[in-house]
There are 2 protein chains.
Amino acid sequence: MLDSTTLTTEALCRSILERHHDTIQIQKPEFAIRKLTRIITAALDLANAKSFHGMSLRDLSAASGISMGGLYAYFDSKTTLARMILEEVTAQVRLALEAPPADVADDPVRHLEWLIDTHIRLTEILQPWFVFSFMEAKHFPRSERRLAVDNEALTEDYFARVIERGLQQGRFRPDTPVLLASLIKPLLQEWYIKRSKYRRRNVSMEEYSASVQAIVLRSCLPA
Amino acid sequence: MLDSTTLTTEALCRSILERHHDTIQIQKPEFAIRKLTRIITAALDLANAKSFHGMSLRDLSAASGISMGGLYAYFDSKTTLARMILEEVTAQVRLALEAPPADVADDPVRHLEWLIDTHIRLTEILQPWFVFSFMEAKHFPRSERRLAVDNEALTEDYFARVIERGLQQGRFRPDTPVLLASLIKPLLQEWYIKRSKYRRRNVSMEEYSASVQAIVLRSCLPA
DNA sequence: ACATTTTTCGAGCGAACGCTCTAAAAACTG
DNA sequence: CAGTTTTTAGAGCGTTCGCTCGAAAAATGT
């Protein structure tokens, strides 16, 4: 079960530090994590308020309280900073969705419900991270763009495999829309991209999750 | 019926010229439309390849074949250029969706199918325009951002009204997901935002439209 | 206490940005 | 063809960008 007390920004930054320990010039890990957390927090704030391009490193320096030069002890270019965030999002999606509970994995219907609910819960906790990945990915150099594309393909694949299994087991109607797996993804993205709109309308995460589940299941369950 | 021979870039640029005739310094309309078409075409190309921020006016000058100074006879700032495109997209959505054929307007089911199909056809013809509106809107000043938000609210409203009517007439199941109208929109956006993905998979517009219609109708029609 | 390493700092670099401005070219008018 | 208006061109302005670098400061080791 996903838990917002373990999925903290600090925890993700620890993971980032491990992945980039060779390029991050700071020696003391605990020290580095604390500062990296300040940097990433500020970067997500600024990038989501304006855009990653619109956020200057002087902005980031002021918001994080770390000098221009100091920032470059943690990354060697602005693009690397973006890559850190993109890679971490992919890693967390993998962690969250790859291993469903045993009692869920057997039943395609429950598995589908679980995937939808888990994805929404994950993006609720890590909303700024997912918004960043989605909104900024298009504007990056090729290799970084691939990261975001692969990330979406990964999510779609989890759904495609469950739907395929449901069809084979005869649990889903044969005329289930072929594109269903592809079309679930935008339904999940809507939640974090338009988060403020649903907050304004007092739509809870549970309501949203239930609506998506209803739409998906009614299009693949026998009438 | 939408027609790609009347919905040309030139036709939209004529509409833009009329809306901005007071700030565009060129006197001869036919002349202005021809050049404005070159500018907008190049701007959509460049902005969608990189991003609107990433597109410099020197890029635009080179791609459109119009000098730096010449560009400013058509707009007084880069933001105004963006606003021209955003406003035109909103206008075209209005034109396309506001007046359904008489034989469609009476039946909520057919009306819903028509809205979905028409929106997909519209965005197929004007794909670069819609991608621009969606991708770039977040990064603009407040007033321009409002344009894009209103645009989405407008689309959602067309769906919300039809669904409401279907419920009142008892044509739709009472437990139709409350969020259905909001969730149709991301399904329609997926088509133009990920256009290249579906081209790669040989998914035709008709297939896509049918899938979306199936998903939507199965969640609101009685079982 | 000093020596050595690690970390912080922000002024400064070249490049690119949005935008302006004036002189020349082109297009009309009579 | 001269006179007038309209349009074009691109160098140049001030600003901001990503990024660097050497010196100061802090932390650590002996």
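Within every chain, numbering begins at 1; the chains are lettered A, B, ... in the order of the sequence lines, protein sequences first and strands thereafter. All figures in this text were calculated on a predicted structure; none of them were measured in a lab.
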**Message:** Under 3.5 Å for both pairing distances: what stems, at least three Watson-Crick or G-U pairs long, include DNA chain D?
**Reply:** C:4-30 with D:1-27
**Asked** Rounding to a whole Å, what distance do you find between A:D59:CG and D:dT15:P?
**Response** 18 Å
**Set of salt bridge (Lys or Arg N to Asp or Glu O under 4.0 Å) partners for B:E98, sequence neighbours left out** = none
**Asked** B:E152 and B:Q189: side-chain donor and acceptor closer than 3.5 Å?
**Response** yes
**Fill in**
Correct closest heavy-atom pair for B:V89 and B:S133 would be CG2-OG, 3.4 Å
**Prompt:** Roughly how many Å is it from CG in B:L57 to C1' in D:dA9, rounded to a whole number?
**Reply:** 15 Å
**Message:** Counting C-beta onward and ignoring hydrogens, is there a side-chain heavy-atom pair between B:M84 and B:I24 closer than 4.5 Å?
**Reply:** yes
**Message:** Hydrogens and angles aside, do B:T37 and B:E10 bring a side-chain donor and acceptor to less than 3.5 Å of each other?
**Reply:** no
**Asked** Any side-chain donor-acceptor pair under 3.5 Å between B:D117 and B:S209?
**Response** yes
**Message:** Under the salt bridge (Lys or Arg N to Asp or Glu O under 4.0 Å) definition, can you give me all pairs with a residue in residues 122-142 of chain A, not counting sequence neighbours?
**Reply:** A:E124-A:R195
**Item:** Residues from residues 65-84 of chain B lying under 4.0 Å of DNA chain C - heavy atoms
**Value:** B:M68, B:G69, B:Y72, B:S77, B:K78
**Request:** Could you tell me whether the side chains of A:E190 and A:Y198 share a donor-acceptor contact shorter than 3.5 Å?
**Result:** yes
**Asked** Going 5' to 3' along DNA chain C, which nucleotides are the first and last within contact of chain A (any atom under 4.0 Å from a heavy atom)?
**Response** C:dT6 to C:dG12
**Request:** Starting from P on D:dC17, measure out to CE on A:M55 and report it in whole angstrom.
**Result:** 11 Å
**Request:** May I ask you to check whether over 12 heavy atoms, not counting those of B:H20, lie within 6.0 Å of atom NE2?
**Result:** yes
**Request:** Check DNA chain D against residues 14-50 of chain B and give the residues with a non-hydrogen atom under 4.0 Å, in numerical order.
**Result:** B:Q25, B:I26, B:Q27, B:K28, B:F31, B:K35
**Asked** Which atoms form the tightest heavy-atom contact between A:A137 and A:R145, and what is the distance?
**Response** O-CG, 3.5 Å
**Item:** Chi angles and distances behind the side-chain hydrogen bond (donor to acceptor under 3.5 Å, both in side chains) call for B:E144, B:T79
**Value:** CA-CA 8 Å; B:E144 280 72 25; B:T79 302; 5.8 Å; no
**Request:** Say whether B:H111 and B:R165, considering side chains only, have a donor N or O and an acceptor N or O under 3.5 Å apart.
**Result:** yes
**Asked** Are side-chain N/O atoms of B:R201 and A:S182 paired as donor and acceptor at under 3.5 Å?
**Response** yes
